[in-house]
Q: 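Input: one structure, supplied below.
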Protein chains: 2
Amino acid sequence: MPPDHDPGLGGAIVTRVLVVDDEPSILRALRINLSAREYDVTTAVDGTTGLAAVARDRPDVIILDLGLPDMDGTEVIHGVRGWTSIPIIVLSAWGQESQKVAALDAGADDYVTKPFGMDELLARLRAAVRRAAPAPDEPVVVTADFTVDLAAKQVVRSGGSPAGAPAGAPVRLTPTEWQLLEILVRNSGRLVSQKQLLREIWGPSYETESNYLRVYLAQLRRKLEPEPSRPRYLLTEPGMGYRFRP
Amino acid sequence: MPPDHDPGLGGAIVTRVLVVDDEPSILRALRINLSAREYDVTTAVDGTTGLAAVARDRPDVIILDLGLPDMDGTEVIHGVRGWTSIPIIVLSAWGQESQKVAALDAGADDYVTKPFGMDELLARLRAAVRRAAPAPDEPVVVTADFTVDLAAKQVVRSGGSPAGAPAGAPVRLTPTEWQLLEILVRNSGRLVSQKQLLREIWGPSYETESNYLRVYLAQLRRKLEPEPSRPRYLLTEPGMGYRFRP
DNA sequence: GCGGAGCGTTAAGGATCCGTTAGGACCGCT
DNA sequence: AGCGGTCCTAACGGATCCTTAACGCTCCGC
């Protein structure tokens, strides 16, 4: 596991952090450290503008100082928790036991006392974001003839092509057939070499058994293709490998 | 919101805490304080018995001391995170910055340094449990033949199919049968691998005992399916797992 | 033309997996 | 102690799947 947070593929997935604090020095330190680690940072200096920023920017996580000039920290927490469950990490001076308890019970997710180590704060940040991530989303691939649901591990017919099968009917795939289809669909549009397929399904010692691929490709085509003899989705690239065309 | 944790309706829902620590004094203090607040407490004195206790007791939350005699704390965390996402609160001596980061990145949910205030620990405990609560989902699943109420842990017959049983009659399920049904219904439509089922019901060391699943699936089908020999709801995907179709 | 390589198709044997049943162990209760 | 309920374990027939081999086809280079 990489020690730093996931930078995302192509930089598309950036974690957005809202820092609510009235001390310029802390604001500055956090902005520098978080930006350096590819977080998207926005800031607010009091509770009122903080709440407005939450509603406007929808950050992925909130770092909240309890000692704000305009309102009590727990009020801010309640104001956020009233309508969302965005993780909140609370920042506060040392030794305020009861304040800690109140903040956590108000709905805060974590608590860090000042002075704090930046590494620790970053680690807690990663933990909070990781917890909030609902799931490694469910990819669904749809074609004119069938639909592949990777999460449910299921294929359903879209437009009953082979011999008028009813739309919405599930297609029964064996474990090996499913593995093969999953790899091809996950590399949708890209060419996958036979060696890679054989290695991922049967193991490294089967890299030359291209026979297996021909057998299972034929079975998959018979179950999925409108015209198995002239494939529209599961294409062969002679001498190279196979490709799924959406 | 009440300052103390939810006592549950009728006392049926009790939060179960596993404490893994080798210092008798801390063990004793936690046991007293947690029991007084109506938590169900079990303990373990090293990593090995701790991991075994997790698999056996399925606590709702784990309090883990990093300074164990037999293994490194992060190893314990990895051992737990390998198969479940039960919240883990880590306990450790003051000033071990790098240890904190390692534990949090290994998958711990929170971190408390010794000496700690009992009030703070309790607050963090409540926060961890609250976060783990999946949400007030839709706790009722209805089919043409029976209705599953996740919240009430009850199944009632809808259209008295097997041998003219009256509609509305409750179906008696054993604890194991209920666990199995609950997991399948919560993943409604999705395929659940037998390894996952075995892990969540019997623990990670039973991942190969697919025998159990066959026995209990048969019992569930006999109680719920109109035609147990040709299942409409509890489907088998040979070699892959089982699926509940609504 | 001719032969080989790569691919598609089919079928059969053997291995694996599943449904079902039954009996004994273990627990809580009367 | 007796009893009902639940859980674990083993065994067996049957269904399903994997492996393997064989054959026809097309596309090349020779």
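So you know, we letter chains A, B, ... as the sequences are listed, proteins then strands, and number each from 1.
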Q: To the nearest Å, how far apart are A:Gln179 CD and D:dC17 P?
A: 14 Å
Q: Looking for any heavy atom pair under 4.0 Å, which part of the strands does B:Gln219 touch: base, sugar-phosphate only, or nothing?
A: nothing
Q: Students often get this wrong, so: under 4.0 angstrom with heavy atoms, is A:Thr236 touching a base, only sugar-phosphate, or nothing?
A: sugar-phosphate
Q: With a 4.0 Å cut-off, would you call B:Lys114 and B:Asp65 a salt bridge?
A: yes
Q: Which nucleotide in the set C:dT9, D:dC7, C:dT20 lies at the smallest distance from any side-chain heavy atom of B:Thr176?
A: D:dC7
Q: Name the orientation class of the two ring planes belonging to A:Phe146 and A:Phe244 (parallel below 30°, tilted from 30 to 60°, perpendicular beyond 60°).
A: tilted
Q: Between D:dC8 and B:Trp202, is there an OP1 or OP2 to side-chain N/O distance shorter than 4.0 Å?
A: yes
Q: Using atom types as modelled and distance alone, determine if a side-chain donor or acceptor of B:Arg243 lies under 3.5 Å from a backbone N or O of A:Lys153.
A: yes
Q: Are any of B:Tyr242's side-chain N or O atoms less than 4.0 Å away from OP1 or OP2 of C:dG19?
A: yes
Q: At under 4.0 Å, does any side-chain N or O of B:Tyr216 touch on OP1 or OP2 of D:dC8?
A: yes
Q: On the nucleotide C:dT9, are OP1 or OP2 found under 4.0 Å from the side-chain N or O atoms that A:Arg214 carries?
A: no
Q: Expressed as a whole number of angstroms, how long is the span from A:Leu220:CG to D:dC17:P?
A: 13 Å
Q: Considering heavy-atom distances to DNA chain D, does B:Leu173 or B:Gly239 have its closest nucleotide positioned more toward the 5' end?
A: B:Leu173
Q: Could you tell me whether B:Asp109 and A:Arg130 make a salt bridge, using a distance below 4.0 angstrom between a side-chain N and a carboxylate O?
A: no
Q: Give a yes/no on whether any side-chain N or O of B:Thr174 is located under 4.0 angstrom from OP1 or OP2 of D:dG5.
A: no
Q: Between B:Pro175 and A:Glu209, which has a closest nucleotide on DNA chain D that is more 5'?
A: B:Pro175
Q: Any heavy-atom pair between the side chains of B:Leu217 and B:Tyr242 that's under 4.5 Å?
A: yes
Q: Can you measure B:Asn211 atom CG to C:dA22 atom C1' for me and round it to whole angstrom units?
A: 13 Å
Q: Contact class for A:Arg172 vs. all strands (heavy atom < 4.0 Å): base, sugar-phosphate, or nothing?
A: sugar-phosphate
Q: So A:Tyr206, base contact, sugar-phosphate only, or nothing? Heavy-atom distance under 4.0 Å.
A: nothing
Q: Nearest whole angstrom, please: distance from the P of C:dC18 to the CG of B:Leu198.
A: 11 Å
Q: Could you check how far CG of A:Leu180 sits from C1' of D:dC18, rounded to whole Å?
A: 14 Å
Q: Starting at the 5' end of DNA chain C and moving along, which residue's nearest nucleotide shows up first, B:Glu237 or B:Val215?
A: B:Glu237
